[in-house]
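Just below is one structure, and these are the notes that go with it.
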Amino acid sequence: MGKIGVILVSHSEYIAKGLKELVNEMNDGSVPVIAAGGADGGRIGTSAIKIQEAIESMEDCDHILIYADLGSSILSAETAMDLIEEELAEKVQIVDAPIVEGALSGVVQATISDDVNEVIRASEEARDVHKI
């Protein structure tokens, strides 16, 4: 089974860590999850360097999916992808899904399937989950 890694990027270090805790409740341990939230010094923001380091630490994964919260977190993730080796960057994809629902659905799907397209589809479909 090919391993799919997940990186959670939020402007808040606490949100990224809390989301990691939440998704790991549904993770059987087969999906590595890294919280790469907040800017340097615990400030609100994002850090391309934190994201780069998270990606590099998952180099053994076949696919690395990034779930991000707001616009500049996408820019930071794209910058991080520009900073790494091309071969590694080819494994990385930013998922167009809501960060909480998408990451949770993606991690659950990744525990039962190594098909990255199925994982991304499950993440994107989480956008349509109604609360009431």
Side-chain angles (χ1 to χ4, degrees):
M1 183 175 196
K3 193 179 343 181
I4 297 173
V6 169
I7 298 173
L8 306 170
V9 181
S10 173
H11 281 70
S12 167
E13 182 178 353
Y14 296 107
I15 289 174
K17 286 181 177 179
L19 180 55
K20 177 182 176 182
E21 181 180 352
L22 177 67
V23 302
N24 276 336
E25 284 294 315
M26 303 301 287
N27 186 354
D28 62 5
S30 65
V31 181
V33 178
I34 295 177
D40 296 333
R43 294 175 295 130
I44 295 294
T46 57
S47 166
I49 301 303
K50 277 187 182 183
I51 301 166
Q52 174 190 3
E53 290 170 352
I55 293 169
E56 290 173 339
S57 74
M58 292 190 164
E59 68 183 344
D60 291 338
C61 293
D62 295 329
H63 303 280
I64 302 166
L65 302 179
I66 297 177
Y67 295 84
D69 61 1
L70 303 170
S72 62
S73 62
I74 301 295
L75 294 174
S76 292
E78 291 171 338
T79 300
M81 291 165 65
D82 288 339
L83 297 172
I84 59 177
E85 297 288 327
E86 185 176 336
E87 186 176 317
L88 179 56
E90 289 173 0
K91 297 180 180 185
V92 182
Q93 188 168 354
I94 299 169
V95 181
D96 184 16
I99 189 170
V100 175
E101 295 90 339
L104 182 61
S105 294
V107 168
V108 168
Q109 186 65 34
T111 65
I112 58 175
S113 173
D114 62 350
D115 184 332
V116 72
N117 293 317
E118 287 180 15
V119 173
I120 291 169
R121 187 171 31 262
S123 300
E124 291 172 344
E125 288 173 356
R127 174 184 301 111
D128 299 323
V129 174
H130 297 281
K131 307 291 195 284
I132 52 174

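Residue numbers count from 1 along this sequence. Source: prediction; values computed, not measured.
One distance of note links CD of Glu78 with CD1 of Ile94; it measures 4.5 Å at 0.5 Å rounding. In this structure, CD on Glu85 lies 12.5 Å from CD1 on Ile55, to the nearest 0.5 angstrom. We find the CE-CD1 distance between Met58 and Ile64 to be 7.0 Å, quoted to the nearest 0.5 Å. Atoms CG and CD1, from Asp114 and Ile4 in turn, are 6.5 Å apart once rounded to the nearest 0.5 Å.
No more than 12 heavy atoms of other residues, nucleotides or ligands lie within 6.0 Å of CD in Glu21, so this atom counts as exposed by the packing criterion.
Residues Ser105 and Ala126 share a closest heavy-atom pair of OG-CB, 3.6 Å. Heavy atoms only, all atoms of each residue included: Ala39 and Ile44 are closest at CB-O, 4.0 Å. The shortest heavy-atom contact between Ala16 and Ala36 is CB-N, 4.3 Å. Heavy-atom minimum distance, Asp96 versus Glu124: O-CG, 3.4 Å. Annotation for Gln52 and Leu83: closest pair OE1-CD1, 3.6 Å, computed over non-hydrogen atoms.
We find that Asp115 and Arg121 are not joined by a salt bridge, their nearest charged nitrogen and carboxylate oxygen being 4.0 Å or further apart.
Cluster membership for Val129 and Leu22, using ILVMFWY side-chain heavy atoms within less than 4.5 angstrom, is not shared. Leu8 and Met81 sit in two unconnected hydrophobic clusters of ILVMFWY residues. Membership requires side-chain heavy atoms under 4.5 Å apart, directly or through other members. Tyr67 is connected to Val23 through a chain of hydrophobic side-chain contacts under 4.5 Å among Ile, Leu, Val, Met, Phe, Trp and Tyr, so both are in one cluster.
Remark: the backbone N or O of Cys61 is paired with a side-chain donor or acceptor of Lys91 at under 3.5 angstrom.
Among Val9, Ile34, Ile99, the one residue that satisfies the side-chain contact (heavy atoms from CB on, under 4.5 Å) test with Ile66 is Val9.
For the pair Ile7/Val92, no side-chain contact is recorded, criterion being any heavy-atom separation below 4.5 Å from C-beta on. Between His63 and Val119 the shortest side-chain heavy-atom distance does not fall below 4.5 Å. Using a 4.5 Å heavy-atom cutoff, the side chains of Met26 and Val107 are not in contact.
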